[in-house]
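Here the structure is a predicted model, which is why all the values come from computation and not from measurement. Chain A is the first sequence line, chain B the second, and so forth, proteins listed ahead of strands; every chain is numbered from 1. Below, all heavy atoms of this structure are taken into account, side chains as well, without hydrogens, waters or symmetry copies.
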Protein chains: 2
Amino acid sequence: MASMADVARRANVAVSTVSYALNGTRPVAKATADRIHQAMEELGYRPNALARGLASRRSRNVALIFPMLERGLGLTEMEFVSAAAETAGDLGYHLVLWSTPLGDTDLLTKLTRQGLVDGVVIMEVHLADARIEMLRRTGVPFCMIGRTGDNRDDPFADIDFESTIRDAVAHLTALGHERIGFINHSRASFDAGYGPSVRAARAFEDAAGAHGISRFCDDSPTAGRQIWREMNAAAPGVTGLIVMNERASAGVLAAIAQHGARVPEDFSVLSVASSERVAEMTYPPLTTFHPPAAELGRLGVQVLIDRLEGREVPLVQQLIPCRLVLRDSTGPATRQPGTGN
Amino acid sequence: MASMADVARRANVAVSTVSYALNGTRPVAKATADRIHQAMEELGYRPNALARGLASRRSRNVALIFPMLERGLGLTEMEFVSAAAETAGDLGYHLVLWSTPLGDTDLLTKLTRQGLVDGVVIMEVHLADARIEMLRRTGVPFCMIGRTGDNRDDPFADIDFESTIRDAVAHLTALGHERIGFINHSRASFDAGYGPSVRAARAFEDAAGAHGISRFCDDSPTAGRQIWREMNAAAPGVTGLIVMNERASAGVLAAIAQHGARVPEDFSVLSVASSERVAEMTYPPLTTFHPPAAELGRLGVQVLIDRLEGREVPLVQQLIPCRLVLRDSTGPATRQPGTGN
DNA sequence: TTGAAAGCGCTAACAG
DNA sequence: CTGTTAGCGCTTTCAA
């Protein structure tokens with residue numbers, strides 16, 4: 001593997017000149033630069049990332065801290081990770097994946113102290129998140145996907161659950177649904193302070209008020225089925241459903257079918273924050289507010305790297321709403337004679 | 001950040017002794033080692049990954065080369081990536097994600113020459129894969145997920161499509177289905193030499209022979225719907241379907257329903273290599289041969305790291321079959337009076 | 001059982 | 001505009 005010394009020798013210059021030519025850290029005469037670049041070309045030279053990082057104290061690596069969940073990762077997360085990796089690459093960085101248990105601050109501390117990465121993008125942030133406190137304390141540059149409860153001056157990108165839930169309620173209300181049910185993630189996730197669960201629950205209460213009824217639900221079709229039955233028994237007037245639980249949504253649809261009712265004629269089911277590819281698998285395909293997974297991934301690493309490069313950037317704390325895609329699971333609350341729907 | 005010199009000073013030894021104590025590269029007196037470890041503890045010392053890598057010429061990083069596909073990545077890939085990251089961590093390595101366009105050998109060459117990683121795990125290997133040739137040529141240690149056509153002495157882990165498809169055909173045959181349809185990925189993927197498409201097609205031909213009818217299909221519900229209609233028209237006797245195309249499977253189910261037929265009473269649909277979480281979303285939930293995604297991820301990095309550590313390991317070329325999970329989309333070919341099915 | 005010292009390949013003063 | 005040189009924090013001979 002050709003080194004900088006090889007290039008310098010071949011171009012008849014000092015290694016430092018090669019370095020300067022390579023990084024543009026200092027002006028280099030056109031002729032010299034040309035010779036250097038040619039030499040690099042001929043040798044197939046690529047700077048050694050480790051040496052460069054060691055000498056400059058900047059590894060140009062960033063880590064993506066991504067949680068080991070019992071729940072498992074979904075397609076949304078996959079999209080997110082892809083976008084993050086791609087963006088890092090585009091900006092000349094490498095993305096390393098740190099799979100850590102959610103509560104394991106010690107492991108995270110160990111990892112960050114190794115000097116392998118300049119900063120981290122951290123997923124699945126909870127309202128009270130010990131990992132964030134640790135990052136603040138140790139001064140590791142970071143960008144959150146999600147955000148803590150004590151909204152301080154740290155950069156984040158998150159889904160705008162408030163507006164999304166509001167829009168979801170409005171969508172169903174506009175279709176004439178007067179009582180609206182909300183099916184959230186598990187109670188455990190809510191109690192653990194999982195941002196989406198907590199924020200969506202509050203937002204639903206604000207938006208639907210007395211017209212709303214809300215339930216927690218484990219992330220599985222079976223749980224979805226049970227919860228719908230229970231909710232339908234408790235509040236038979238509910239014809240519009242907002243389901244923020246991808247796996248449960250299939251169960252909800254199944255329970256409605258088993259009940260002898262139809263979607264969307266009798267019940268409308270609106271899925272929130274579930275991926276396109278899952279929404280199109282159900283019968284009927286789910287009308288959905290899609291999460292901006294790729295945008296979040298891109299933004300997260302972009303914001304982090306901006307900070308690392310010391311650019312004078314304003315603090316980014318961005319909320320992105322989910323985008324509505326109409327499919328076949330929502331419709332008017334009561335059949336309108338003559339419309340055929 | 002404490003360095004090795006700090007530790008050495010505090011423990012009254014030479015830096016080299018600290019290094020030896022840390023890595024066990026040379027025996028160190030118990031008392032000395034204790035002092036050193038205590039000093040490390042007190043300083044919160046963590047060896048600098050970059051320096052270590054530079055000096056030892058072993059970064060202890062491995063890359064996962066994962067493709068940017070138009071098709072998009074699925075849940076199977078997500079499981080795979082998770083498992084790979086976790087395994088790498090367990091073995092004291094870091095996993096770097098390289099998102100590269102499938103054909104871009106140049107980019108890959110550049111990346112591997114940076115000396116950031118000791119080896120790579122490479123996904124989505126095609127029968128004739130320029131990237132593999134490049135890795136062989138440049139001597140970069142690697143492990144494939146999938147395999148090339150010219151099966152040489154390179155390590156790989158792959159799904160055993162041959163046995164899986166055979167088992168799938170057998171499953172339907174045992175249920176009394178006499179004519180069996182196979183819905184593959186797109187023709188383009190087959191023509192491009194995408195391993196799964198090609199191997200499964202061959203395997204189906206071998207297993208089903210004249211009883212089988214096979215079709216390519218783009219990865220979308222819409223395409224699935226069309227293909228089923230076309231196939232049903234061309235071969236009305238087909239009652240058993242094998243679908244190796246996750247996204248198309250929803251379309252197949254929808255087309256059957258629209259046709260006024262039922263699953264599994266009239267048609268059996270057996271999904272191959274699709275993830276659990278997608279299989280449970282459809283109506284009815286799909287009986288599926290699940291891909292061993294996590295095993296492949298784990299195995300891929302394990303095998304690679306074994307090689308990197310120079311362990312005397314036999315060449316690993318492992319085929320893992322998909323595992324059958326019965327759900328509700330397959331059943332006997334004709335209703336048996338009295339069985340209630 | 002331990003130490004001293006020469007690098008690993010690069011960056012960034014400092015000096016001209 | 002360019003060169004010299006002292007590190008970055010570690011590993012690994014070589015020597016004791």
Side-chain angles (χ1 to χ4, degrees), chain A residues 1-37 39-40 43-61 92 94 112-118 308-310, chain B residues 1-37 39-40 43-61 92 94 112-118 308-310:
Chain A
M1 210 82 310
S3 78
M4 212 160 201
D6 298 324
V7 176
R9 208 169 302 123
R10 189 170 244 266
N12 267 308
V13 291
V15 283
S16 59
T17 305
V18 176
S19 172
Y20 293 124
L22 188 64
N23 302 308
T25 327
R26 187 168 88 172
V28 169
K30 174 91 170 62
T32 317
D34 285 349
R35 262 188 2 259
I36 291 174
H37 284 118
M40 298 203 288
L43 293 170
Y45 170 77
R46 290 270 111 195
N48 181 295
L50 263 33
R52 177 144 86 141
L54 182 59
S56 66
R57 278 140 239 261
R58 298 211 19 238
S59 67
R60 285 161 185 277
N61 297 151
H94 293 280
T112 52
R113 286 201 182 189
Q114 292 186 127
L116 181 69
V117 305
D118 299 331
L308 293 177
E309 315 246 291
Chain B
M1 211 82 309
S3 79
M4 212 160 200
D6 299 324
V7 176
R9 208 169 301 123
R10 188 170 245 267
N12 268 308
V13 291
V15 284
S16 58
T17 305
V18 176
S19 172
Y20 292 125
L22 188 65
N23 303 308
T25 327
R26 185 168 90 172
V28 171
K30 175 90 168 62
T32 318
D34 286 349
R35 259 184 8 254
I36 291 174
H37 284 118
M40 296 203 288
L43 293 169
Y45 171 77
R46 291 269 111 196
N48 180 295
L50 263 32
R52 178 143 86 140
L54 182 58
S56 65
R57 279 143 242 256
R58 297 213 17 239
S59 67
R60 286 162 185 276
N61 297 150
H94 293 280
T112 53
R113 286 201 180 188
Q114 292 186 126
L116 181 69
V117 305
D118 299 331
L308 293 178
E309 315 247 290

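- Nucleotides of DNA chain D nearest to B:Ser3 and A:Ala14 differ in position, and the one nearer the 5' end is that of A:Ala14.
- Each of B:Val28 and A:Arg46 was assigned the nucleotide of DNA chain C with the nearest heavy atom; the assignment lying further toward the 5' end belongs to B:Val28.
- In summary, the side chains of A:Asn23 and A:Arg52 do present a donor paired with an acceptor at a separation below 3.5 Å, with no hydrogens or angles considered.
- Side-chain N or O atoms of A:Ser59 include none that pairs as donor or acceptor with a backbone N or O of A:Gly53 at under 3.5 Å.
- For B:Arg113 (side chain) and A:Gly44 (main-chain N/O), a donor-acceptor pair under 3.5 Å exists by modelled atom type.
- Read 5' to 3', the first and last nucleotides of DNA chain D with an atom closer than 4.0 Å to a heavy atom of chain B are D:dG9 to D:dC14.
- Here the side chains of B:Leu43 and B:Arg10 are in contact, with some heavy-atom distance below 4.5 Å.
- At the heavy-atom level, A:Asp6 lies nowhere under 4.0 Å from the strands shown.
- Between B:Val13 and A:Asn23, the residue anchored closer to the 5' end of DNA chain C is B:Val13, taking for each the nucleotide with the nearest heavy atom.
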Evaluation steps, side chain to side chain contact (heavy atoms under 4.5 Å, CB included), between B:Thr17 and B:Thr32: CA-CA 9 Å; B:Thr17 305; B:Thr32 318; 4.2 Å; yes

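- As judged by a 4.0 angstrom heavy-atom cut-off over every strand, A:Arg26 is placed among the base-contacting residues.
- Among the protein residues, B:Ser19 comes within range of the nucleic acid bases, having at least one heavy atom under 4.0 Å from a base atom.
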Chi angles and distances behind the salt bridge (Lys or Arg N to Asp or Glu O under 4.0 Å) call for B:Lys30, B:Asp34: CA-CA 6 Å; B:Lys30 175 90 168 62; B:Asp34 286 349; 2.9 Å; yes

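- Side-chain contact between B:Val7 and B:Val13 is absent, with no heavy-atom pair separated by less than 4.5 Å.
- The span of DNA chain C lying next to chain A, judged by atoms under 4.0 Å from heavy atoms, is bounded 5' to 3' by C:dG9 to C:dC14.
- What you find for B:Arg60 and B:Asp118 is that their closest heavy atoms are N-OD2, 2.8 Å.
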